[in-house]
Amino acid sequence: MATKGMSVLRHIVEQERKFPQATGSLTGLLMDLIYAAKVISREVNKAGLVDILGLTGEENISGDEIKKLDEYANGKLFSAMDHGGHLCVMASEENDEVIPIPDKFPKGKYVLLFDPLDGSSNIDANVSIGTIFSIHRKKTEGENGTLEDCLQKGSDQVAAGYILYGSSTVLVYTTGQGVNGYTLDPSVGEFLLSHEDIKTPSKGEIYSANEGNAKFWDEGTKKYISYLKEKDSDTGRPYSLRYIGSLVSDFHRNLLYGGIFLYPADCKDPKNPKGKLRLLYEASPLAFIVEQAGGMATTGKENIMDIVPTELHQKVPLIIGSKEDVLTYQKFVGDYAD
Ligand code: P6P
């Protein structure tokens with residue numbers, strides 16, 4: 001029986017006991033991830049004090065400038081996860097190709113995809129940033145995972161979660177049995193259950209979008225955002241605009257308070273008419289979490305969890321949050337489809 005304040009390890013073990021056939025490998029994988037999160041949290045929280053800020057002068061495959069803390073978090077995650085024997089392959093936003101498990105280490109049955117430090121463009125301004133992860137089962141033959149093992153749709157995820165490095169460090173994840181949140185108590189170095197069985201409100205009064213891109217949006221999106229700004233106290237409008245520019249922060253706030261986050265396809269960049277956010281290690285894991293919390297995630301035309309990936313770093317429009325709000329958005333997009 002879960003009690004507020006219990007350690008994440010005890011809670012994971014209690015959850016595992018519900019599945020007698022469980023081998024404990026997923027538990028081991030999650031514990032390795034949690035160790036990496038604690039190390040990254042320590043560095044993020046003192047980044048302002050040591051020369052770990054600033055740019056490395058390189059760019060990742062998506063053209064984002066890689067910040068030193070990005071590189072640090074990426075390295076920490078890889079070194080924490082490569083030897084546990086739970087994984088057959090990894091993939092990261094910061095690595096162009098999949099990351100094989102070194103030959104010297106045992107291989108496992110799981111696949112890990114992650115964005116090591118999302119929102120990193122905000123690092124220097126001390127804005128909350130986060131790690132996002134997605135876990136799949138290996139589906140190809142042989143012990144070494146492949147790109148095919150990484151290109152799985154969201155509805156096949158085994159687990160997904162994020163760690164938010166903010167005023168406190170919070171771990172939120174699901175294994176398909178609901179969503180729980182844990183807050184790091186730095187005095188003991190342990191994540192303690194703080195948000196049990198999170199359910200997102202069916203409708204919110206917050207919208208999160210970069211309206212600087214509005215002229216590049218499709219007509220349905222433009223009409224929907226205008227609708228949110230009209231006054232109608234029966235539907236809680238006008239909604240409040242809350243946009244941090246750090247996906248994990250915006251998502252976490254809306255998960256708890258209710259509301260809708262939108263990063264639509266913005267056609268300012270014809271090369272990326274799909275918008276900016278990546279499917280495999282941003283949209284898909286957050287979609288799993290929000291659905292487990294009673295919410296919804298769509299591109300506007302299809303459910304994020306149904307998309308069969310074709311590329312490791314492919315981008316998708318992401319509209320995610322309270323179910324009633326996302327359904328209303330989809331109606332606007334349908335009504336104004338070109
Ligand atoms: P924009 C951060 O760089 C990020 O990838 C997400 O964390 C965030 O939601 C989005 O980009 C912000 O993008 O175009 O509004 O600055």
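These numbers come from the heavy atoms of this one structure, side chains and all, not from hydrogens, waters or symmetry mates. Count residues from 1 along the sequence.
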When you group the ILVMFWY residues by side-chain heavy-atom contacts below 4.5 Å and let the links chain together, are [Y] and [X] in the same group?
X      : Y      : value
Leu147 : Leu113 : yes
Leu247 : Met296 : yes
Leu117 : Met81  : yes
Val316 : Ile260 : yes
Leu279 : Ile319 : yes

Considering residues, nucleotides and ligands other than [X], do more than 12 of their heavy atoms fall under 6.0 Å from its [atom1]?
X      : atom1 : answer
Lys323 : NZ    : no
Lys223 : NZ    : no
Glu141 : CD    : no
Tyr257 : OH    : no
Asp232 : CG    : yes
Lys139 : NZ    : yes
Asn126 : CG    : no

Rounded at 0.5 Å granularity, tell me how far [atom1] in [X] sits from [atom2] in [Y].
X      : Y      : atom1 : atom2 : result
Leu228 : Ile206 : CG    : CD1   : 12.0 Å
Arg278 : Asp118 : CZ    : CG    : 8.0 Å
Leu30  : Ser25  : CG    : OG    : 9.5 Å
Phe19  : Thr27  : CZ    : OG1   : 10.5 Å
Asp250 : Arg242 : CG    : CZ    : 11.0 Å
Asn144 : Lys138 : CG    : NZ    : 7.5 Å

Side-chain heavy-atom pair [X], [Y] within 4.5 angstrom cut-off:
X      : Y      : result
Glu211 : Trp217 : yes
Leu312 : Val98  : yes
Met90  : Leu77  : no
Leu33  : Phe114 : no
Tyr263 : Ile320 : no
Ile307 : Gln314 : yes
Leu9   : Met31  : yes
Glu143 : Ile101 : no

On a heavy-atom basis, which atom in [X] and which in [Y] lie closest, and how many Å separate them?
X      : Y      : result
Cys150 : Ala91  : SG-CB, 4.2 Å
Phe261 : Asn254 : N-ND2, 3.8 Å
Leu277 : Glu282 : CA-OE1, 3.4 Å
Thr183 : Ser194 : OG1-OG, 2.7 Å
Ser41  : Thr169 : OG-OG1, 2.7 Å
Glu94  : Asn74  : CB-ND2, 3.6 Å

Test Thr175 against Gln15 for side-chain hydrogen bond (donor to acceptor under 3.5 Å, both in side chains), laying out the working first. CA-CA 9 Å; Thr175 57; Gln15 301 272 357; 5.4 Å; no

Under 3.5 Å: donor-acceptor pair, side chain of [X], backbone of [Y]:
X      : Y      : result
Arg137 : Val158 : no
Thr3   : Met6   : no
Asp218 : Thr221 : yes
Asn180 : Glu196 : no
Lys107 : Phe105 : yes
His313 : Asp96  : yes
Ser246 : Ser128 : yes
Lys203 : Thr235 : yes
Lys199 : Ala293 : no
Ser322 : Gly259 : yes

Evaluate the side chain to side chain contact (heavy atoms under 4.5 Å, CB included) criterion for residues Ile34 and Ile163: first the C-alpha distance (whole Å), next the side-chain angles of each, then the deciding distance (0.1 Å), finally the verdict. CA-CA 9 Å; Ile34 287 165; Ile163 300 96; over 6 Å; no

Between [X] and [Y], do the side chains contain an N or O donor and an N or O acceptor separated by less than 3.5 Å?
X      : Y      : result
Tyr182 : Ser7   : no
Asp325 : Tyr239 : yes
Thr146 : Asp149 : yes

Option among Tyr329, Phe332, Tyr207 that satisfies the ring pair (Phe, Tyr, Trp, His ring centres under 6.0 Å) test with Tyr227: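 Of all the options given, the one that passes is Phe332.
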
Trace of the side chain to side chain contact (heavy atoms under 4.5 Å, CB included) decision for Val8 with Leu192: CA-CA 6 Å; Val8 64; Leu192 306 179; over 6 Å; no

Indicate, with yes or no, if the rings of Phe251 and Tyr162 have centres closer together than 6.0 Å.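 Yes; Tyr162 has its ring centre under 6.0 Å from that of Phe251.
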
For Gln157, enumerate each residue passing the side chain to side chain contact (heavy atoms under 4.5 Å, CB included) test, keeping only those at least two apart in sequence or located in another chain.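 Testing Gln157 for side chain to side chain contact (heavy atoms under 4.5 Å, CB included), a comparison that skips the adjacent residues, returns Ser134, His136, Ala160, Ser284, Pro285, Phe288, Met305.
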
Given Asp115 and Tyr281, is the side chain to side chain contact (heavy atoms under 4.5 Å, CB included) satisfied, shown in steps? CA-CA 6 Å; Asp115 181 351; Tyr281 36 80; 4.0 Å; yes

Applying salt bridge (charged side-chain N to carboxylate O under 4.0 Å, His left out) as the test, list every pair that has at least one member in residues 173-194; sequence neighbours left out.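 Listed by first then second residue: Lys38-Glu190.
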
With respect to Glu291, which candidate in Thr174, Asn303, Thr200 satisfies the side-chain hydrogen bond (donor to acceptor under 3.5 Å, both in side chains) definition?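 Only one of Thr174, Asn303, Thr200 forms a side-chain hydrogen bond (donor to acceptor under 3.5 Å, both in side chains) with Glu291, namely Asn303.
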
If we check side-chain contact (heavy atoms from CB on, under 4.5 Å) with Leu87, which of these qualifies: Leu112, Ile135, Val111?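 For Leu87, the side-chain contact (heavy atoms from CB on, under 4.5 Å) test succeeds with only one of Leu112, Ile135, Val111, which is Leu112.
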
